[in-house]
Amino acid sequence: MSDGLEALAETSTEPLRVGVLGARGRMGIEVCKAVDAADDLELVAMIDQGDWLFNASDAGAEVVVDFTTPDVVMDNLHWCVDQGISVVVGTSGFTEQRLERVRTWLSHKPGVGVVIAPNFGIGAVLMMQFAARAARYFESAEVIEQHHPKKLDAPSGTATHTARLIAQARAEAGLAGMPDATKDEVPGARGADIDGVRVHAVRATGLVAHQEVLFGTTGETLTIRHDSYDRASFMPGVLLAVRSVTRRPGLTIGLDALLD
Ligand SMILES: NC(=O)C1=CN([C@@H]2O[C@H](COP(=O)(O)OP(=O)(O)OC[C@H]3O[C@@H](n4cnc5c(N)ncnc54)[C@H](OP(=O)(O)O)[C@@H]3O)[C@@H](O)[C@H]2O)C=CC1
Ligand SMILES: O=C(O)C1=N[C@H](C(=O)O)C[C@H](O)C1
């Protein structure tokens with residue numbers, strides 16, 4: 001190999017410089033450990049509540065991973081895009097309006113990539129795909145998510161996303177509303193209504209992140225269930241997104257496109 005090509009090979013094997021926002025949180029701690037353990041990645045900034053975001057740019061972060069809270073994630077994301085830093089977002093709370101704002105920011109920074117995934121667990125991604133596939137065949141569909149009691153938002157981002165996928169598949173198949181004769185309801189008893197799909201949120205000590213999607217039609221039901229027992233389950237998906245995001249300018253929603 002010529003000297004020039006050797007130099008190029010060395011350049012291309014430089015580790016990707018990664019910053020983590022929410023670094024002292026439950027997910028942030030796991031992400032820092034996973035990035036630190038990966039030979040092709042370098043953990044250059046660990047930022048949490050009260051720290052200066054410029055620590056990430058000063059450290060030369062090429063990718064920032066955000067696992068913070070729904071009320072601060074938009075400001076973080078806007079700052080990163082402005083700085084030209086690609087972002088992998090796991091934080092929940094993304095509505096269609098929020099996604100549209102992110103698309104607008106990105107339209108002014110064509111080289112920047114953002115991956116926002118409601119769930120980085122491979123099993124959870126498959127659960128959502130299977131649910132979307134099953135939805136057209138069943139009269140009824142409800143989502144039951146179960147999480148640890150320290151979770152700030154309900155229903156979960158995964159449950160909301162699943163409900164939207166089910167609603168979209170039902171609409172495409174021309175299905176009518178779901179049968180439900182409830183006339184007399186204690187508020188909340190039938191769960192939240194997300195695009196016409198009922199979503200129930202359970203919080204209990206001992207749980208991590210779990211979800212069931214229950215489908216029903218005449219004489220049969222189908223239950224699709226996923227359980228994350230350990231936050232390590234999210235790390236292969238997070239690392240896949242970190243390694244891919246700089247090569248995917250614009251907004252990518254969900255891990256599906258990266259897995260394919
Ligand atoms: N997509 C996925 O696969 C997954 C997504 N999640 C989502 O990720 C998010 C984080 O979850 P989890 O780790 O359990 O939550 P934690 O509350 O444990 O962690 C959030 C961390 O962010 C910190 N923080 C708050 N504000 C800022 C800020 N402005 N800048 C930097 N850090 C800040 C918090 O500090 P302090 O505590 O001092 O406020 C805390 O340390 C949630 O939205 C959750 O739903 C979780 C698991 C998987
Ligand atoms: O807060 C959590 O723990 C989780 N949050 C995400 C969500 O809201 O869907 C992903 C996973 O369910 C764990």
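Count residues from 1 along the sequence. First listed ligand is number 1; within each ligand, the first listed atom is number 1. The model shown is predicted, which means the values in this text are computed figures rather than measured ones.
Nearest to atom 19 (O) of ligand 1 among the protein's heavy atoms is Gly25 CA, 3.3 Å. Annotation: atom 10 (C) of ligand 1 to nearest protein heavy atom, Thr68 O, 3.1 Å. Closest protein heavy atom to atom 16 (P) of ligand 1: Arg26 NH2, 3.6 Å. Closest protein heavy atom to atom 5 (N) of ligand 2: Lys151 NZ, 3.2 Å. Closest to atom 3 (O) of ligand 1, if we only count protein heavy atoms, is Phe120 N, 2.8 Å. Atom 8 (O) of ligand 1 has its closest protein heavy atom at Phe67 CD2, 3.3 Å.
Cluster membership for Val125 and Val31, using ILVMFWY side-chain heavy atoms within less than 4.5 angstrom, is shared.
Taking distance alone, with nitrogen or oxygen atoms compared against 3.5 Å, Asp48 approaches ligand 1 more closely than that limit. Here's the thing with Gln49: one of its N/O atoms is less than 3.5 angstrom from an N/O atom of ligand 1. Note: an N/O pair closer than 3.5 Å links Ser92 and ligand 1 by distance alone. In terms of polar-atom proximity, Gly28 is not counted as a contact of ligand 1, lacking any N or O under 3.5 Å from an N or O of the ligand. Any N or O atom pair closer than 3.5 Å counts here, and Ile47 shares no such pair with ligand 1. The shortest N or O to N or O distance between Arg231 and ligand 2 is not below 3.5 Å.
Counting heavy atoms under 4.0 Å from ligand 2, residue Asn119 touches it through the side chain alone. With a 4.0 Å heavy-atom cut-off, ligand 1 is reached by the side chain of Val72 but not by its N, CA, C or O. Neither the backbone nor the side chain of Met27 has any atom closer than 4.0 Å to an atom of ligand 2 (non-hydrogen atoms only). Contact annotation: for Ser156 versus ligand 2, heavy atoms closer than 4.0 Å belong to both the backbone and the side chain. Contacts between Ala159 and ligand 2, counted as non-hydrogen atom pairs separated by less than 4.0 Å, are absent for every part of the residue. Looking at Phe234 against ligand 1, only its side chain comes within 4.0 Å, counting heavy atoms.
Residue Gly90 has at least one heavy-atom neighbour below 4.0 Å for each of these atoms of ligand 1: 1 (N), 2 (C), 4 (C), 5 (C), 6 (N), 7 (C), 8 (O). Using a 4.0 Å cut-off to heavy atoms of Met27, the atoms of ligand 1 that qualify are 13 (O), 46 (C), 47 (C), 48 (C). Each of the atoms 41 (O) of ligand 1 lies under 4.0 Å from some heavy atom of Arg24. With ligand atoms numbered from 1 in the order given, ligand 1 contributes 1 (N) to contacts under 4.0 Å with heavy atoms of Ala117. Applying the 4.0 Å criterion to heavy atoms of Thr158 picks out, from ligand 2, the atoms 7 (C), 9 (O), 10 (C), 12 (O). Atom numbering of ligand 1 starts at 1 in the shown order; those under 4.0 Å from a heavy atom of Asn119 are 1 (N), 2 (C), 3 (O). Counting the atoms of ligand 2 from 1 in the order shown, those under 4.0 Å from a heavy atom of Gly157 are 7 (C), 8 (O), 9 (O). Of all the atoms in ligand 2, the ones that sit under 4.0 Å from a non-hydrogen atom of Ala209 are 11 (C), 12 (O), 13 (C). Atoms of ligand 2 lying under 4.0 Å from any heavy atom of His147, numbered from 1 in the order shown and given with element: 2 (C), 3 (O), 4 (C), 11 (C), 12 (O), 13 (C). For ligand 1 and Pro118, the ligand atoms under 4.0 Å from any heavy atom of the residue are 1 (N), 2 (C). The Pro118 neighbourhood of ligand 2 comprises atoms 6 (C), 9 (O), 10 (C), with distances under 4.0 Å to a heavy atom of that residue.
In this structure, atom 37 (O) of ligand 1 has its sub-4.0 angstrom surroundings free of protein heavy atoms.
Judged by distance alone, the side chain of Asp48 and the main-chain N or O of Arg24 form a donor-acceptor pair under 3.5 Å. With hydrogens and angles disregarded, no donor-acceptor distance shorter than 3.5 Å links the side chain of Ser86 to the backbone of Val112. Of the possible polar contacts, one joining the His210 side chain to the Val208 backbone as a donor-acceptor pair under 3.5 Å is found. Looking at Asp227, its side chain never comes within 3.5 Å of a backbone N or O of Tyr229 through a donor-acceptor pair. Distance alone, capped at 3.5 Å, places no donor-acceptor pair between the Thr221 side chain and the Phe215 backbone. Using a distance-only test at 3.5 Å, with no hydrogens or angles considered, a donor-acceptor pair links the side chain of Arg17 to the main chain of Gly60. Remark: the backbone N or O of Glu139 is paired with a side-chain donor or acceptor of Arg170 at under 3.5 angstrom.
At a threshold of 4.5 Å between non-hydrogen side-chain atoms, the residues Val213 and Thr223 do not count as touching. Considering only heavy atoms from C-beta on, Phe67 comes within 4.5 Å of Phe120 through its side chain.
Side chains of His200 and Glu145: a donor-acceptor N/O pair is absent below 3.5 angstrom, by distance only. No side-chain N or O of Ser244 forms a donor-acceptor pair with one of Arg248 less than 3.5 Å apart.
Aromatic ring orientation, His78 versus Trp105: parallel (interplanar angle below 30°, classes split at 30° and 60°).
A salt bridge is absent between Glu96 and Arg164; no separation between the charged side-chain nitrogens and carboxylate oxygens falls under 4.0 Å. Ion pairing between a basic and an acidic side chain is recognised when a charged N comes within 4.0 Å of a carboxylate O; Asp82 and Lys109 show no such pairing.
Residue His148 places a heavy atom less than 4.0 Å from ligand 2. In this structure, Lys151 is part of the shell of residues with a heavy atom less than 4.0 angstrom from ligand 1.
Nearest heavy atoms, Asn119 versus Met128: CB-CE, 3.9 Å.
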**Message:** Would Thr162 and Gln211 count as a side chain to side chain donor-acceptor pair (under 3.5 Å) here? Give the steps.
**Reply:** CA-CA 10 Å; Thr162 309; Gln211 181 166 295; 2.9 Å; yes
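No more than 12 heavy atoms of other residues, nucleotides or ligands lie within 6.0 Å of CZ in Arg133, so this atom counts as exposed by the packing criterion.
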